[in-house]
Q: 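Quick one: this structure, given as structure tokens, is what I'll be asking you about.
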Amino acid sequence: MIRRSDFPKDFIFGTATAAYQIEGAANEDGRGPSIWDVFSHTPGKTLNGDTGDVACDHYHRYKEDIQLMKEIGLDAYRFSISWPRIMPDGKNINQKGVDFYNRLVDELLKNDIKPFVTLYHWDLPYALYEKGGWLNPDIALYFRAYATFMFNELGDRVKHWITLNEPWCSSFLGYYTGEHAPGHQNLQEAITAAHNLLRAHGHAVQAFREEVKDGKVGLTNVVMKIEPGDAKPESFLVANLVDKFVNAWFHDPVVFGKYPEEAVALYTEKGLQVPDSDMNIISTPIDFFGVNYYTRTLVVFDMNNPLGFSYVQGDLPKTEMGWEIYPQGLFDMLVYLKERYKLPLYITENGMAGPDKLENGRVHDNYRIEYLEKHFEKALEAINAGVDLKGYFIWSLMDNFEWAYGYSKRFGIIYVDYNTQKRILKDSALWLKEFLKS
Ligand SMILES: OC[C@H]1NNC[C@@H](O)[C@@H]1O
Ligand SMILES: [Ca+2]
């Protein structure tokens with residue numbers, strides 16, 4: 001049975017959340033609308049028309065939530081700042097919004113919980129979207145100004161920063177598949193948005209070096225273990241190519257200052273423009289990569305698909321998201337990232353959506369305990385294989401707004417009864433509390 005003491009003594013365990021998914025108070029204290037406010041209020045975009053208007057009401061209940069983190073014994077807490085709470089119009093400061101994050105950070109520190117702050121977790125101020133959003137090159141400078149302001153505001157107390165959460169999602173789900181805000185379906189736009197997201201990242205890192213001399217800054221990507229879905233040789237080739245589109249596309253420019261050639265070649269062949277501006281800014285050195293790992297993705301050769309592949313379902317046990325439970329993929333990707341980029345790593349998200357049921361005031365989520373144990377074991381295996389893994393944040397602290405799936409998917413180790421806003425520690429939280437003492 002894995003124990004906390006098996007990990008390096010300075011290894012940190014935490015949980016992660018994001019502003020739009022938990023805060024609520026969407027129109028309170030001067031907060032402006034984000035692209036997710038508009039998207040979720042657009043009929044048909046989210047399950048049951050769910051929105052983040054109230055969510056977990058964390059904006060008002062943050063002290064109670066921090067007490068629960070303390071009870072569980074967490075070392076750290078990863079959360080994101082709502083850009084439109086800080087700059088409702090994308091430029092001018094809303095002091096009440098700033099005050100909230102100062103209160104939140106002070107309360108965490110008072111309870112000996114280390115804050116890890118994500119600057120952007122998908123809630124772009126709608127006012128900036130109206131100026132072109134991630135398609136407008138100027139967005140990188142708007143982001144730099146926002147980042148600089150936050151570094152100055154919180155950098156004396158917050159020493160661990162993440163510029164962007166999962167730019168692959170912001171660009172390819174937001175601009176190609178359209179399942180995320182702003183709901184566009186244009187591959188060229190996705191490529192352009194991805195480039196401007198990476199430019200914004202680079203500008204923020206440059207500002208960070210000026211503003212927070214004793215801090216660490218990194219980029220968090222969703223990392224998928226891509227495997228062939230059948231034994232055909234072409235499917236192995238396709239798996240390698242998809243890995244470049246999904247994983248290398250958002251890591252290589254940040255470290256090597258260039259996109260993976262095979263993927264550039266295929267896009268170019270399809271008549272798409274791959275930008276190459278500001279690669280020097282994009283590759284401003286960072287201190288770590290954040291790794292959001294959930295599952296593997298199976299692909300097969302498919303001539304009918306414009307990019308030559310299609311996804312197939314695996315046959316391993318799956319979570320409520322339909323994602324295979326595949327802890328080996330975590331080990332594989334941690335080792336892959338270490339060998340290719342030679343940077344320290346944090347697991348900034350790992351966890352599962354489960355069929356959580358409240359029974360007599362308890363949630364017996366043994367499946368989540370097993371999921372976490374198996375992924376903890378693979379993380380430890382990676383450390384023993386030489387990966388400089390420094391921490392592990394469970395997604396998520398509590399059930400919350402799961403984007404297009406609304407409140408139907410429960411990822412929390414704490415159950416949220418949305419009718420009463422009552423928080424209930426699931427068995428997985430009780431297990432974690434014991435694990436952190438072991
Ligand atoms: O789908 C689960 C999580 N994945 N990474 C980004 C988070 O915002 C999601 O809730
Ligand atoms: Ca300063």
Side-chain angles (χ1 to χ4, degrees), residues 14-24 34-37 39-40 45-47 50-52 55-56 58 77-83 116-124 162-174 177 179-182 194 197 218-225 246-247 250 289-297 311 318-326 329-330 333 345-356 365 367-368 371-372 375 392-416 418 428:
T15 56
T17 64
Y20 191 71
Q21 296 180 266
I22 66 166
E23 286 180 0
S34 75
I35 54 174
W36 265 98
D37 293 85
F39 192 75
S40 64
K45 297 300 183 186
T46 62
L47 198 68
D50 287 351
T51 75
C56 307
H58 179 72
Y77 172 55
R78 176 188 175 226
F79 63 96
S80 82
I81 292 173
S82 170
W83 190 351
F116 274 60
V117 173
T118 307
L119 279 166
Y120 183 69
H121 200 126
W122 306 357
D123 42 0
L124 181 75
I162 292 153
T163 54
L164 308 173
N165 181 76
E166 302 177 350
W168 179 83
C169 293
S170 304
S171 50
F172 283 84
L173 300 185
T177 68
E179 62 193 287
H180 279 191
L197 279 154
L219 171 68
T220 277
N221 282 311
V222 59
V223 172
M224 299 177 213
K225 175 74 194 299
V246 171
N247 293 314
F250 293 92
F289 271 125
V291 179
N292 288 0
Y293 176 81
Y294 287 94
T295 187
R296 70 174 175 182
T297 298
Y311 297 105
K318 297 174 184 63
T319 69
E320 287 295 290
M321 296 295 281
W323 300 345
E324 284 186 301
I325 297 172
Y326 191 56
L330 175 61
M333 295 314 285
L345 303 173
Y346 285 90
I347 295 169
T348 37
E349 287 180 29
N350 174 247
M352 64 164 279
D356 303 348
D365 57 339
Y367 38 81
R368 183 173 285 106
Y371 179 100
L372 293 174
H375 288 81
Y392 192 121
F393 292 83
I394 295 170
W395 185 272
S396 180
L397 170 68
M398 61 182 137
D399 300 332
N400 58 57
F401 177 76
E402 180 52 33
W403 309 109
Y405 291 95
Y407 297 99
S408 68
K409 306 298 178 189
R410 293 180 177 272
F411 275 90
I413 57 172
I414 296 173
Y415 184 91
V416 176
Y418 296 108
S428 54

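All ligand and atom numbering here is 1-based and tracks the order in the structure. Excluded from the calculations below are hydrogen atoms, water molecules and symmetry mates; all remaining heavy atoms, backbone and side chain alike, are included.
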Q: List below, pair by pair, the N or O atoms of ligand 1 and of the protein that are less than 3.5 Å apart, including the distance to 0.1 Å; reply 'none' if no pair qualifies.
A:
{"residue": "ligand 1", "atom": "1 (O)", "partner": "Glu402", "partner atom": "OE2", "Å": "2.7"}
{"residue": "ligand 1", "atom": "4 (N)", "partner": "Glu349", "partner atom": "OE1", "Å": "3.2"}
{"residue": "ligand 1", "atom": "5 (N)", "partner": "Glu166", "partner atom": "OE1", "Å": "3.3"}
{"residue": "ligand 1", "atom": "5 (N)", "partner": "Glu166", "partner atom": "OE2", "Å": "2.9"}
{"residue": "ligand 1", "atom": "5 (N)", "partner": "Glu349", "partner atom": "OE1", "Å": "2.6"}
{"residue": "ligand 1", "atom": "8 (O)", "partner": "Gln21", "partner atom": "OE1", "Å": "2.7"}
{"residue": "ligand 1", "atom": "8 (O)", "partner": "His121", "partner atom": "NE2", "Å": "2.9"}
{"residue": "ligand 1", "atom": "8 (O)", "partner": "Trp403", "partner atom": "NE1", "Å": "2.8"}
{"residue": "ligand 1", "atom": "10 (O)", "partner": "Gln21", "partner atom": "NE2", "Å": "3.0"}
{"residue": "ligand 1", "atom": "10 (O)", "partner": "Trp395", "partner atom": "NE1", "Å": "3.3"}
{"residue": "ligand 1", "atom": "10 (O)", "partner": "Glu402", "partner atom": "OE1", "Å": "2.7"}

Q: Would you check if there is a donor-acceptor pair between the side chains of Tyr371 and Asn350 at a distance under 3.5 Å?
A: yes
Q: Is there a donor in the side chain of Thr220 and an acceptor in the side chain of Asn292, or the other way round, less than 3.5 Å apart?
A: no
Q: Residues in side-chain contact (heavy atoms from CB on, under 4.5 Å) with Ser170, at least two apart?
A: Tyr120, Trp122, Leu197
Q: Name the residue from Trp168, Trp36, Phe39, Tyr20 that meets the ring-ring contact (aromatic ring centres under 6.0 Å, His included) definition with His180.
A: Trp36
Q: What residues, two or more places apart in sequence or in another chain, satisfy salt bridge (charged side-chain N to carboxylate O under 4.0 Å, His left out) together with Arg410?
A: Asp399
Q: Please name all residues satisfying salt bridge (charged side-chain N to carboxylate O under 4.0 Å, His left out) with Lys45, sequence neighbours left out, ordered by chain then number.
A: none
